[in-house]
Each structure stands twice: as structure tokens, then as C-alpha cells.
Amino acid sequence: MDFLRPSTLDEALAMKAEFPDAVPIAGGTDVMVELNFDVRRPPALLDLGLVTELSGWTRENGHVRLGATVPYTRIVTELGDVLPGLAMAARTVGSPQIRNRGTVGGNLGSASPAGDAHPPLVAVGADIEVASTRGSRTVPAREFFTAPKKSALEPDELIVAIQVPEAAGPQQFAKVGTRNAMVIAVCSFAVTLDVAGKGVGTGIGSAGPTPLRALEAERFAAAELPWGSGEPLQENIVRAFGELVGAAARPIDDVRGTAAYRRHALSVLARRTLGWAWRSVPQEVAK
Amino acid sequence: MRVNVEVNGEQRTADDVWPGESLLYVLRERLGLPGAKNACEQGECGSCTVYLDGTPVCACLVAAGQVEGRSVRTVEGLGSAEELDPVQDAFVRTGAVQCGFCTPGLVVAAHDLVHRKPDASDAEIREALAGNLCRCTGYEKILDAVRMAAVAVKEQRS
Ligand SMILES: Cc1cc2nc3c(=O)[nH]c(=O)nc-3n(C[C@H](O)[C@H](O)[C@H](O)COP(=O)(O)OP(=O)(O)OC[C@H]3O[C@@H](n4cnc5c(N)ncnc54)[C@H](O)[C@@H]3O)c2cc1C
Ligand code: FES
Ligand code: FES
């Protein structure tokens with residue numbers, strides 16, 4: 001097994017083009033588990049740790065360009081204000097040690113339906129920037145996932161950055177699990193409100209072959225929320241929103257929960273998160 | 001492959017490293033530092049916690065080659081048998097050590113917390129130690145130890 005250590009993005013892309021079987025390693029929190037248990041024995045590891053183009057974030061015209069290898073801990077401490085939904089999800093990942101190493105690029109690379117970064121990225125309509133020696137392209141987060149643990153990423157491509165629109169209103173994320181730390185979600189849900197644009201975004205995690213969007217629920221809420229009124233939410237709207245979210249899921253029975261439980265729990269998460277989000281709509285905007 | 005890494009302030013070299021092996025394996029099996037423990041090899045238990053460039057990580061999830069040129073601090077680098085670090089001392093005094101298997105990782109995680117945030121609330125202490133499992137103590141004595149160590153660190157500072 002080879003250990004490749006590029007120090008620039010160009011070098012990394014050249015190596016990935018030459019050795020498409022080389023497995024990129026960022027925080028290693030997924031890759032190393034597989035190596036330690038001999039689940040995978042790749043011909044080479046491609047360490048992204050020295051590639052500074054991947055390890056920072058910038059704010060550009062209304063979105064954050066988040067480098068693929070920025071660890072969760074930095075998202076929590078540095079981006080909680082502009083990307084509250086992603087930061088909330090980041091705070092629920094694993095443990096402090098896992099958050100100090102794990103990255104959104106790695107979460108996307110693994111493309112697990114349970115990845116906690118995915119629902120907020122889907123809800124807010126983020127774009128994934130990927131590159132190879134052939135050039136770069138962006139893939140909407142909503143189209144990035146193709147099947148469980150499969151994505152639109154080509155074998156010679158690397159994830160470079162995630163372009164996440166800055167929050168246009170309150171965002172929430174919630175996840176169901178057996179304890180607060182170290183939990184792979186039984187199901188999870190992210191909601192975003194665009195207060196000026198009267199829009200609602202949703203992302204469902206761990207209740208389908210890929211992260212999903214609850215389109216009907218989004219349309220319903222966008223039309224029915226009492227935008228600009230400063231009024232509390234009516235119970236029937238919240239309830240219908242929850243049901244539409246539950247209906248949009250495509251869950252299965254597995255060791256972590258049954259399909260029926262997931263649908264039910266998602267409805268509850270959707271009701272609660274919408275309520276929390278609505279309550280924190282700034283009143284001066286709402287009136 | 002060869003890996004050069006600063007460990008506990010000393011420049012060390014490990015030879016014949018398999019590129020897929022972990023920092024934990026390098027520390028324990030190649031550099032003779034058995035402090036960090038191997039209990040799960042999947043990031044779940046925290047007993048392998050070490051500082052990597054000042055940040056607590058699970059050594060079992062860092063590839064050996066990723067630490068080339070970087071700096072690692074293990075529980076062995078916190079204090080010595082003659083002069084315990086205040087965190088180690090607090091663990092001993094409060095009875096936070098039973099079988100001791102989780103202790104090295106917890107000491108590093110607690111060391112990080114009390115230096116980063118000596119005024120941490122109980123909730124913050126629990127959160128900071130959520131990645132470290134202990135099968136013996138029931139955690140109460142560990143919380144006592146962290147509170148005691150935090151007081152010691154604050155006294156050192158003032
Ligand atoms: C104890 C434990 C608890 C966990 N808890 C959670 C949790 O609560 N929620 C959650 O979502 N996940 C959890 N995980 C899984 C893991 O931490 C996350 O998926 C994390 O985001 C992976 O990031 P990483 O940088 O460590 O990825 P790595 O392990 O380095 O890589 C993961 C995959 O992505 C690929 N990859 C990495 N970076 C790139 C890139 N830039 N371009 C292309 N491919 C790339 C790698 O080749 C690999 O296939 C947990 C893992 C452990 C060990
Ligand atoms: S041995 Fe590394 S976390 Fe358990
Ligand atoms: S003292 Fe035995 S596991 Fe913690």
C-alpha cells in the first residue's frame with residue numbers, strides 16, 4: 001500500500017487522476033475504521049492533510065465556501081452564525097475527538113444516508129464543488145447522492161469545497177438516537193426558513209436510500225405559514241407539515257429502527273423543528 | 001515507510017511502518033509508548049485519546065503517515081511518576097481510577113478541557129468527555145476529578 005501526500009490541490013488531482021483507486025483520507029474517521037477492521041485494503045491512501053486549498057473557508061457573495069477538510073469543531077465554533085443548520089448538525093456528530101478530525105468532505109465522500117451534514121446541506125440547497133484534472137464542476141447537494149454510499153463523484157474527482165448559502169432566516173436540525181453522543185441517526189431532519197423570500201427548505205436523513213427533500217411539505221409550509229404576521233403557528237399547519245415530511249421519507253426496517261417508527265419520529269422532528277424555527281423568526285422582520 | 005514525528009517533545013522516528021496502520025499502533029508497538037490504550041479501534045471509546053498538534057484525537061483513527069512532521073502528546077508526556085500533572089493527581093485523589101484502562105484517554109481529554117475551559121459547567125464537562133467510555137466508575141468520580149483539576153489549574157494561573 002502506498003501513502004500519497006500531495007501538498008497542493010493540483011498535485012492531489014494529478015495523483016487522483018494517475019491512481020483513481022487511491023482512497024482519499026481527510027479526518028480518517030470513516031477510512032481508518034475500515035482499515036483497522038480490514039474491510040478495505042486499498043492500493044494507496046491519498047492524504048489531503050497538507051492541501052491548504054481544502055482546509056479553510058471564505059465568505060463570497062452570500063454563501064460560505066467551506067473547504068472539504070474543515071473539521072466539524074471549526075464549523076461549530078466559527079460558522080454557527082452564518083450556517084446555523086450545518087453547525088447544529090456538526091455539533092451532534094460523534095464526540096469531541098471525532099468532531100476534531102471529521103469533515104464535511106469526508107461525510108459527503110462516504111455518502112451514508114445517515115450522514116449528519118447532509119440534511120442541512122440538502123435543506124439549504126448547497127452546491128458541492130468537485131474537481132479533477134479534467135476541470136471542476138458543481139453538483140447540487142440535492143443531486144449528489146445517488147444510492148446508499150454512492151454519489152455523483154467520479155473516480156478521478158475530489159471534493160474541493162461546499163458552497164453553502166448563508167442563512168436567510170432560522171434553521172434547525174434534530175436527530176433521533178439512543179444517546180446524545182456517538183449516535184448514528186435513527187432518523188434526522190433539517191429545516192430552513194427564508195424569511196424575506198417566504199421559502200422553506202427541508203432535508204431528511206437516515207430514512208431513505210439517500211438524504212431526501214420533502215418537497216410537498218416545503219410547498220405546503222411556504223404557502224401556509226403566516227409570513228410577516230408575527231403570529232404563532234397554528235397547530236393544524238404544524239401537524240400537516242409533519243405528516244407531509246413523514247410521507248416523503250422512504251425508510252426501511254433495520255437494526256436502528258423500523259420504517260414505521262422512522263416515519264413517525266420524522267413527523268415529530270418536523271413539527272418540533274418548524275416550531276422552534278418559527279419562534280426565532282426575528283420579530284421586527286415578522287411584523 | 002518511515003515516519004518522523006515529535007512525541008512528547010522528542011523527535012522520534014518509526015521505521016517499517018505499514019502505510020495503513022494507525023498512530024495508535026505506531027505509538028504502542030513501534031515507539032514503546034503503551035499509555036494510549038487500544039480498546040475498540042473504531043473511535044467509540046476514547047481510550048486512545050492523544051493530542052495531535054494540541055488537539056485531542058483518537059489515535060486509532062489517524063493514519064501513521066498523516067503525523068509526519070507533526071507533534072503528538074500522549075499521557076506519558078503530561079506528567080511523570082515523580083511529578084504527576086494536576087489532572088493525573090486529581091484522578092488518583094478522587095478515586096476516578098478503577099481498572100485504569102480508560103484513564104489515559106480520559107486524562108488527556110480532561111487535560112484539554114481544564115486548560116481550554118477551567119470554568120466548565122457540569123454539562124460542559126459531560127459533553128467534553130462524551131467520547132470516552134468507562135466501564136467501571138459510573139463517571140461520578142471522574143466528574144469529581146475534573147472539577148478538582150480545574151480548581152488546580154485556576155490556582156496555578158492566578
Ligand atoms: C465513533 C464515530 C462516531 C461517528 N459519528 C457520526 C455521527 O454522529 N454523524 C455522522 O454523520 N458521522 C459520524 N461518523 C462518521 C464520520 O465521522 C463522518 O462521516 C465524517 O464526516 C467523515 O469525515 P472524515 O474527514 O473523517 O472522512 P474520511 O474517513 O477521511 O473519509 C471518508 C470518505 O470520504 C472520502 N473523502 C474524504 N475527503 C474527500 C474529498 N475531499 N474528496 C473526495 N473524497 C473524500 C474518503 O476517501 C472516504 O471514502 C462517526 C464515526 C466514528 C468513528
Ligand atoms: S481505541 Fe481508539 S477510540 Fe477506542
Ligand atoms: S476505570 Fe475501568 S474502564 Fe474506566
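Letters A, B, ... mirror the listed sequences (proteins, then strands); counts begin at 1. Values below: every heavy atom of this structure, side chains too, minus hydrogens, waters and symmetry copies.
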Quiz item: Given that the side chain runs from C-beta out, which part of B:L23 has a heavy atom under 4.5 Å from chain A: side chain, backbone, both or neither?
Solution: neither
Quiz item: So which of B:G46, B:G65, B:A130 has the largest heavy-atom pair count under 4.5 angstrom toward chain A?
Solution: B:G65
Quiz item: At a heavy-atom separation under 4.5 Å, does A:L35 approach chain B through its side chain, its backbone, both, or neither?
Solution: side chain
Quiz item: At a heavy-atom separation under 4.5 Å, does B:A109 approach chain A through its side chain, its backbone, both, or neither?
Solution: side chain
Exercise. Flag the pair B:R147 and B:D122 as a salt bridge only when some basic side-chain nitrogen lies within less than 4.0 angstrom of an acidic carboxylate oxygen.
Key: yes
Exercise. Among the options B:L129, B:V57, B:D112, pick out the one with the most heavy-atom pairs lying under 4.5 Å from chain A.
Key: B:V57
Self-check item: Portion of B:R70 that has a non-hydrogen atom of chain A nearer than 4.5 angstrom
Solution: side chain
Quiz item: Hey, are B:R73 and B:E10 close enough for a salt bridge, meaning a charged N less than 4.0 Å from a carboxylate O?
Solution: no
Quiz item: Among B:C58, B:G43, B:P56, who wins on heavy-atom pairs under 4.5 Å with chain A?
Solution: B:P56
Quiz item: Is A:V191 close to A:L269 at the side-chain level, that is, under 4.5 Å between some pair of heavy atoms?
Solution: no
Quiz item: For B:S22, is it the side chain, the backbone, both or neither that has a heavy atom under 4.5 Å from a heavy atom of chain A?
Solution: both
Self-check item: Worked check of ring-ring contact (aromatic ring centres under 6.0 Å, His included) between B:Y51 and B:H111
Solution: CA-CA 10 Å; B:Y51 282 112; B:H111 186 271; 5.7 Å; yes
Quiz prompt | B:C40, part contacting chain A, at a heavy-atom distance under 4.5 Å | solution = backbone
Quiz item: Any ion pair linking B:K154 and B:D119 (charged N to carboxylate O, less than 4.0 Å)?
Solution: yes
Quiz item: Picking from A:T29, A:I98, A:I25, which has the most non-hydrogen pairs under 4.5 angstrom with chain B?
Solution: A:I25
Self-check item: Side chain / backbone / both / neither for B:A128 at chain A, heavy atoms under 4.5 Å
Solution: backbone
Practice problem: Heavy atoms only, distances under 4.5 angstrom: which of B:Q66, B:E41, B:E127 has the most pairs with chain A? Name it, please. | Solution: B:Q66
Practice problem: Flag the pair B:R2 and B:D15 as a salt bridge only when some basic side-chain nitrogen lies within less than 4.0 angstrom of an acidic carboxylate oxygen. | Solution: yes
Quiz prompt | Min side-chain heavy-atom separation B:R135-B:C102 under 4.5 Å | solution = no
Quiz prompt | Choice from B:L24, B:V62, B:T55 maximising heavy atom contacts with chain A below 4.5 Å | solution = B:V62
Exercise. Indicate the atoms forming the closest heavy-atom contact of A:T103 with A:A68, along with that distance.
Key: CB-O, 3.3 Å
Exercise. Using a strict 4.0 Å threshold on nitrogen-to-oxygen distance, state whether A:R262 and A:D254 make a salt bridge.
Key: yes
